[in-house]
Every structure is written in C-alpha cells, then in structure tokens.
Amino acid sequence: MVFVWLTAFFLVVALIVLVIYQLMCLADLEFDYINPFDSSSRINKVVMPEFVLQALLSVLFLLSGHWAMFLLSLPLVYYNYTLYQRRQHLVDVTEIFNQLGREKKRRLFKIVSLIVLLFLSLFWLSGSV
Amino acid sequence: MQPPLGNERPPPPGRPVSAFVPGAAVPPPPFAAGGPFARPPQSGATAPAFGAAPPAAMGGFRGPPPSQGGPFGAGPPPQGPFTTSAPPSQGPFASAPPSQGLFASAPPSQGPFATAPPSQSPFTSPPPSQVPFAAGPPPTGPFAATPAPFRPPPSSLAQPQSPTGGALPPPPTYARPTQGYYTGAPPANPQFPMSRPAFQQPVQTMPPPPMGPAATFGNQAAYAGPPVGGTLQSLVEDFQSLALSSAPGSLDPGVDVKGLPRPLDGDEEPVKLMEAYPLNCHPRYFRLTTHVIPASQSLVSRWHLPLGAVVHPLAESPDGEEVPVINFGSAGVIRCRRCRTYINPYATFADSGRKWRCNLCTLLNDVPGEYFCALDASGRRYDIDQRPELSKGTVEFVAPTEYMVRPPMPPSYFFLIDVSVSAVRSGLLQVVAKTIKSCLDELPGFPRTQIGFLTFDSTLHFHNFKSSLSQPQMMVVADLDDVFLPLPDDLLVNLVDSRHVVESFLDSLPNMFHDNVNVESALGPALKAAFMVMSQIGGKLLVFQSTLPSLGIGRLRLRGDDVRAYGTDKEHTLRVPEDPFYKQMAAEFTKNQIAVDIFSFSEKYSDIASLGSLAKYTGGQVYHYPSFQAPTHGDKLKLELNRDLTRETAWESVMRIRCGKGVRFTTYHGHFMLRSTDLLALPAVDSDKAFAMQLSLEETLMTTQTVYFQVALLYTSSSGERRIRVHTAAAPVVTDLSEMYCQADTGAIVSLLGRIAVENSLSDKLDSVRQQLQLKLVRSLKEYRNLYVVQHRIGGRLIFPESLRFLPLYILAICKSLALRGGYADVSLDERCAAGFSMMILPVNRLLNFIYPSLYRVDEVLTMEPNKIDASLKRLPLTFQCLDTGGLYLLDDGFTFLVWLGRMLPPELVNNILGLSLANFPDLSKIQLRESDNELSRNFMKILRTLREKDPSYHQLCRVVRQGEQPREGYLLLSNLVEDQMAGTSSYVDWILQIHRQTQS
C-alpha cells in the first residue's frame, strides 16, 4: 500500500512540475523573454506526457481500489480527454497571444486540483506508513 | 504641446463645444443680424423649441457649396458663410430634402409659421413664404403631384414635441439659402421611384421634390452653425436627430427616406485634426476611432464602440508629400533610453539643448553631441526647420547596423504554381506566365532580386535556373511524404544572372503542361518544398491554387456544402482552417520572413478558410477568382498580379505601436503574426495593407493631458536599406463623454468593427455576430441619448452625433457585407471567407467603399464632353428606387464593376457600349467590354478607367447584368443594394426605426 501512495505522490509531483513548466513558458512569453515559436513548441512537447501521466494516475487509483481518489482525479482526465477530442490540447502558435489568458487559467485550475490531490496522497501516505 | 481641443470659446454651461465643429468658429452669416434669433433668447430660443423647430429650418441652413453656384444670384444671400460653414462633406441629403419637406408639407401660410408675426421677419423685401417658390419652378409641378396622404398635418411635425413650438420664430431665415436648389426644371417623373437627380450629391440642379414624405426630418446639424449666439447655437451643434414619429393614421413610417444620412462622399478623413494638431501624422496613416482618450475607466465603459486605431503604415502619399528620409549618421537614431520612443515633433528640449524630454514617458535623455543644437528664447531648436523629424509627424529613419540581425535581404519572389488539369483548362497558366514575364523588368530591387518557380500536381516539379544553362531543367520529385530538394541551390536564383533561363521557362510553361490531365494537387508537400527553398532568404511566396489540395500532408476535404452545419454551434468551424498544418506552416513561414499571397481559382470549393490562414499570419493577401476563365478574368488577374509584384514592398519588417503612460494596445486585427504582446511581425508589407488595434486603459484615472502614439515600422526596403518609418500622433485626454462622441471617426470605427465582426465570425454564428454589431450600435446611441434626452425633451427622435451620422447605415452595410450576410445559401463559403480576409486588410476608405459600394448613373453623362464626365458622376443611394428602367448604372465596390442595364434603355446605347444587341439574348456573363469606335463607348471606358485609377490595389472586373435577369441580377446587384430589404434583413428605414425603438427601451 505504501508503494501505491508513494507512486501516486511522485506522479502528482511530476504532473505539477509539468504544468508549472507550461505556466512558466506562458509567463515568459507574456513578458517577452521568449518568442511564441519557442514557447509553444516547448509547451506542446510536454502536453501529451502530462495527459498520459494524468491517465496513469487515475488508473493507479482505480486498480488499487481507492475509489474516492479515483473519482477526484477523474474530472481532470475527462477534461484532458475532451480537449484532445476537440484538438484544443496543443497551443496554437499563431493565436497564442489571444489565447494567453485562457491557457493560463486552464493551467492554474489544473494546478489547484493537482495540489489538492498532492495533499490527499501525502495524507494517505503518512497514514499508511 | 497643444491645448486640449475646443477651449477657444467658452462653452455654454454644461455643453462643451469642440473646435472641430466648424460652425462654432464661423462668423455669423450676414442674415444673422435681422434673424429671428436676434431677439433676446426668450423661451422660444430654448431647447425644446429648437428641437421642435420645423426641420427644414435647420436643414435648409446646411447649405452645401452648390448653393454658391445657383443661377439665382439675386435670390440667395451672400454665399460666403455658407461655403465656410458647410463643409463639402455635407451631403445634400442633409440639406436639400428637409427643405423639400418643409415646402411639401407646410405650405407657406400654414402651420406654426403662421403664428410668427411677419413683422418680426427680417425679410421685408420678399415675403418669406414666397422666396422658395419665386425662385423655383411653378409650384404646380411637384407640389401638385404630392399625394395628399403624405402631407402630414403641420401640427404633427412641430407640435407634439414642443409645447413652445408656436412661439417659434419664423423659419424663412433659414429657408433662404435653399432656394438655390429650386433651380432645376421639374423632373419628368415626380412620383416616388424618382429619377436620379433628387438623389444626387452636391445638388446643382436639384429638381423640386417629387413628394415630401413626412416632413419630420430634422437636422440639428453640428455644421449648420446658424448665426445665433449662445445657448441656442451650441444646442444646434450638439447632435443631429431624425424624427421618427409617424403622422397619426398614416401608413407612412414617418421617416423621410431621402433625408436619411448617406455617405455618398465616401470616407471622410478627419483632416481637421491636422489643423488642431499640425505635428500629427496625416490621418491616412493613423486614425483613432475617437480622436480623444477617455480619462477614466468609467468613461470607457460608457463608450460602447471600440476604442482603438487603424494604422496604415505605408499608405501611398500624394505627390509632393513624400515622407522625408533622415540619416542620423554617426549619432545613431535618437531614441528615448527607457521606452525606446523615437525622436518626434512632440519631444521637448531642455537644459539649453543638451537634453530632450521624451513625450511618451517623460524621461530626460541626453542629446548626442552630433545632434546638439542651441535653443532660442522660446525653447525651440534653431535648426528645427532643417530637421523634418522635429516638425513632421511622419518621417523615415535610415537604420544603422544595430537594427539588423542579418544583412538586408534581397527582394525574392517564389512562385508555387498548380499545373493540374483545371489550371491548364482555364487558361490560367498562360496568363500567369505572361504576366510574370512582363513584370520581370519592374520587379523591385534590381539587381538583387531573386526569383524561383515550383510547379506541382500529384508530384513536385523543381526547376533549375542555373545561369549557365540555356534551358531550365525540370526535376520531378514524387515522394510526397518526405519532401527533399533535388538541388542544393539554383532553385531560387538572381534574376539578372539567370534572366534568359527564367524567360525561356515562362515561355514554355503553358506548353510544358499543355496536355496534363492530372487532377490531383499536392499543395502541402509543395509548401514544404517552397519553405525549404526560401527559408534562407525569406521573401514572398505566391501560391496559384486551382483545386482543393488533395494529396500529401495538408490535404483538405470538401466541407463547404454542409448545409446542416449552418445555424448550429458548429457553423463557425467551416470558416476556420480545418487542418492545423496550415497554421503551423504559416508560423514557420513568418519565422523565416516569408509572406504568402494566395491566388485561388477553383470552380468548386477550395477551402479558402484553410488556405487563407497562410496569408493571414504572414502578412499576405488572398485573391479569389471563382471559376476562373482566362478570357473573362484574365485582365483582372493580370493587373492584380502585376500590382502585387511591382508595388513597393517592405521586407522582413516588424511594427510596434508605442503609446503614452496609461493606455495600452491590447488586441490587434489584420494580417500579421504577433511576435510578442505588442510586436507585429510582417514578413512583407505594402501600401495595400492596413492594421487595426484596440486599446485599453491601464489605470483607472488618467493623469496626463495628452496621450501620444508612435507607430514604428522597421523594414528592409527593396533597395536593400534598413529603414524605420515613424508616425507620431497626439490625442487629448477628456473627461466628457460628449467630447468623445464629438471627435468620433466613423471610418475608423467601421473599419475596426468590421474586423472584429469578421474575427468573431470565426468563433461564432453569423447571426450572433450581426446581433453583437447591432447591440453595440444601440448601446452607443442609447448612451448618447441619455446625455441629451433629459434637457432637450426629444421624445420621438433618434438622436446621434454629427460625427456618427453614417454609423447606423455602415453597420447595416457590414451586416449585409459579403463576409457576414445571410446564411448558407446567400454566399458561397469560399467567397465569404475571401471577403473576410479582404476586410481584414483593407484600408479605411476602401473598406467603406466595399461595404457601401458606389452607384453611379452613367447613361446621362456618356454624351457629355469627356473632360466634364468626372465631375458629373454622382454617387446614388444604394436602393432599387434609384434605378430607373431607362438608365445605365454602374456599381463599384472596389473589386467588381457591375453594369446594370435598365429594361427601357435605348438599344442603340447598349449596342454602342457592349458591341452587341440585347435582342439576341446574349450570355451576359461571358461578355467583355472593349472600347469600340464610337463616342459613347470611349466615354464609358474612360469612366471605368478613371474609377480604376482611383484605387490601383485591385482591378475591378466588369460584369454586365440586365434588369430582370434572374438569378444573376439578384446576387450581383440586388444583394449589394444595402438600403433595401432583402430576405431576412431590414431596409435602411426599418433599421433606423428598429434602432430607434431599441434606444428608447
């Protein structure tokens, strides 16, 4: 059980790192430290890994039978899935400045929910140890 | 520094008057002295009374210049004041119809005028009531013809809104100047589908009105500026109004159709700004939607129209006004250390010339030693006259090497030509090859110009133009998945070195693919290949595409005929690129300084929405020739391609707009790519492209008096010089909403609104886009109404500022424009998208002409002497009622000429012009107008030439349609008559009524 929580913990940390990285790219773009071409290619590089990790996390919760945690992480997976379905998961380099606000909001929202997950898994981790 | 506007004259309480309103500055016309208003301003001179004054009284006053030329020299008063107080832009619709209304509806001895004692009238010599008729034709003509029901009781026009109307001074004072209009003979057909002259622009021979619909048209014109002092005058200047109350019991909507404001003079550049701000750049380069900056957020939120600017950085300047070029030499370009603003006329010098203060950020900068000059007593530099950058709003600096990331690129042109069967069959290849060949001498940048070609169908054909070859070599690459270049160089070559190879290629191009039957088109791989060829240098990529791309990456599918998508949430997806490949390609192109121009020729759907995004993000342009056939469209393509290749182009450019503290440009609209939040990357830009942007306030309260804007375009000229074109403008900060309305610039507002609407249509339904436009209009007029409605008690009137008098019509025209009109069946998807792309780049005046095309009656001027023709061409309102069955009309929207032949047009006239007889029912869609050997035809072609010369950016294709020829007449002409009711859209009158109702609620 400790192993599950430990994996979950690291997964969530990795997710948070990826999302923060994307946010940093967006912020850099906003303050003109990098150009939109670099910014969007950097972001787009990590979008799919992020989605995969998110899915893995959910599967992990599901398989280990932590229903509550699974349900908590499900909305994010579903949200990612719909973005992917609508082909909006990648940032559009040509319109990136017009979408800047929206993209940032999306990722801030993700980060908040990931942090909730992080604390919960920390709690369970300490409980199971 | 300029003082804030409009403070020269103490404004009457609560109503600031702007200096821009010429009426304010005009000395009272002579008849002011005896005028009824010379009476002490008693109750009759207060607001309500004026609001209810017979409209003609005001309207007649707005005499346009033609009154000057009236043959009735004895009649009109000295004309001086009229010519000065009425700017030429004043349409006669504002002036003439009201007076018609007056005479039609209020016979001299009736109505409220009767209550005015004649003794008070200054007109002792001619009894006022007789003046107009004395000068005019016998009243029996038009007035007798006026149908009685249309003559509203005089009370309906004056009384309901004004309890004090009875005390109103007699109007004849104002009626006097109008007599100039009554010089013509009565029209042949006084009934409503009236003949042209009554609609004409500066009316010289205005016939009497055929009828006065309701005479309730009122014009409290800003420009009217009647000779009354004080309160009353400022009242007149505040706003214009249209009375919309109908006479009880009549079916007439109560609107004077002919009196509605119409922009028949086209765009009005706010040149008056130049007088107030002589150091500003000319408005052709930079126009704010309202030439003041609101001082607070709350003011911005009450201004419901967009706040922003239209920038046309490379607008063609007329001869004699060339932009001065300045080379600072070793001093380097003088810029502010902090905000990087370029030195400009608004910068001030201090510390006896050793420092200069940046006008944008107020930082004190050092003046370089080489640039130093002593100051005179008033703080001006002695050398100010020798330095255009200190006295002119528009200058061009030669940029030193710090402004280059690489040596200035040579102009380079790469042609990507689809040679599949449809291109061959339509004769496209001949036209393109011939045109390019004829342009070779004129391509800019001799002798550095680079050129290259790539043809493609289901394979890619590279052409080797190595200068040592005598014939070009063709190499075919069939691998579309992994495109590679068969040669490392010699695909893009120097034109001078390889001229003979290029010429022999162009000569053989049509024959080379003469019997090609390949229907496929691998545009995506071809774009990739072109990118590989061009990526080192950059330049311009011209894509000639005649089918839907069907092979390789970026292939597109037919999706335009999906009726079901319309009206649903998915509707907009048809108007955005289907495949992200095109956007990615566009980004790559921009990164490598490649601009893409799309020439699309397909008969069927070719997904302009996807192809156009290549142009959209690279500063390019979309040309659309639906069902191209060389015999008919050849000329248009030839001239437009010629223009595209030979116009002065700025290469590898970036544009930034700096503005003073407190404001910031937030959203940009046009064809470019944003490199950072405020830097527009433009691989190529030329005089045919304008950009629009919206600004927002950063602070809740502005602390400065004036806000400065500086547009800087850094580019490489075709001659290989790095240059910076700088336009500087200043705008005052105001705290008053009415001042904002006063300085509003309809052209810029419409341009910006149109662009926003087109962009919204990419993410929303057409229907809701149109509703948003209407909502903006209603909100702004409502806000304006709230400013005045209480103090003036103008119940039944639609009031609007003088500056925005054309806005309702223009917004209606945007809603009916090709890009936004109707739904699925009204416009083909490709045409809609192509029009949308055009609207995103058109400069203000061309956009206005595109959405509200010019309509001329031509048959009457054809017989005139050739040199008089230009002056006698008058624009007509865009309504079917203007079209006389016995006339020949010309509609010009900047892209197409439409020649409309009335049913009763004399056959010999048609014969002379078209060179054939209509009796044989020829196919008019294939007709080509050629000059034939008779005077009518020569004159007609001369008119077309003159109109084309006015705007060289596009060549108007001439199409002929005869009256009643459905369905061509419907979609060519009738859908362009924006003032008429079309399926599902309102007519101008209905629109005004609708807006009026909504502003009241």
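Each chain gets a letter, A, B and so on, in the order the sequences are listed, and its residues count up from 1.
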Close contacts, residues 83-92 of chain A versus chain B, judged by heavy atoms under 4.5 Å:
A:R87, A:D92

Side-chain heavy atoms of B:M673 within contact of A:T94, under 4.5 Å:
yes

Quick one: does B:Y617's side chain get under 4.5 Å of A:E95's, heavy atoms only?
yes

Exceeds 12 heavy-atom contacts within 6.0 angstrom, atom NZ of B:K528
no

Quick check for you: among B:T666, B:L674, B:D678, which has the greatest number of heavy-atom pairs under 4.5 Å with chain A?
B:L674

Less than 4.5 Å apart, side chain to side chain, heavy atoms only: is that true for A:F97 and B:R675?
no

Does atom CD (B:Q536) have a neighbourhood of more than 12 heavy atoms from anything else shown, all under 6.0 Å?
no

With a strict 4.5 Å heavy-atom criterion, list every residue of residues 4-34 of chain A that contacts chain B, or say none.
A:E30, A:D32

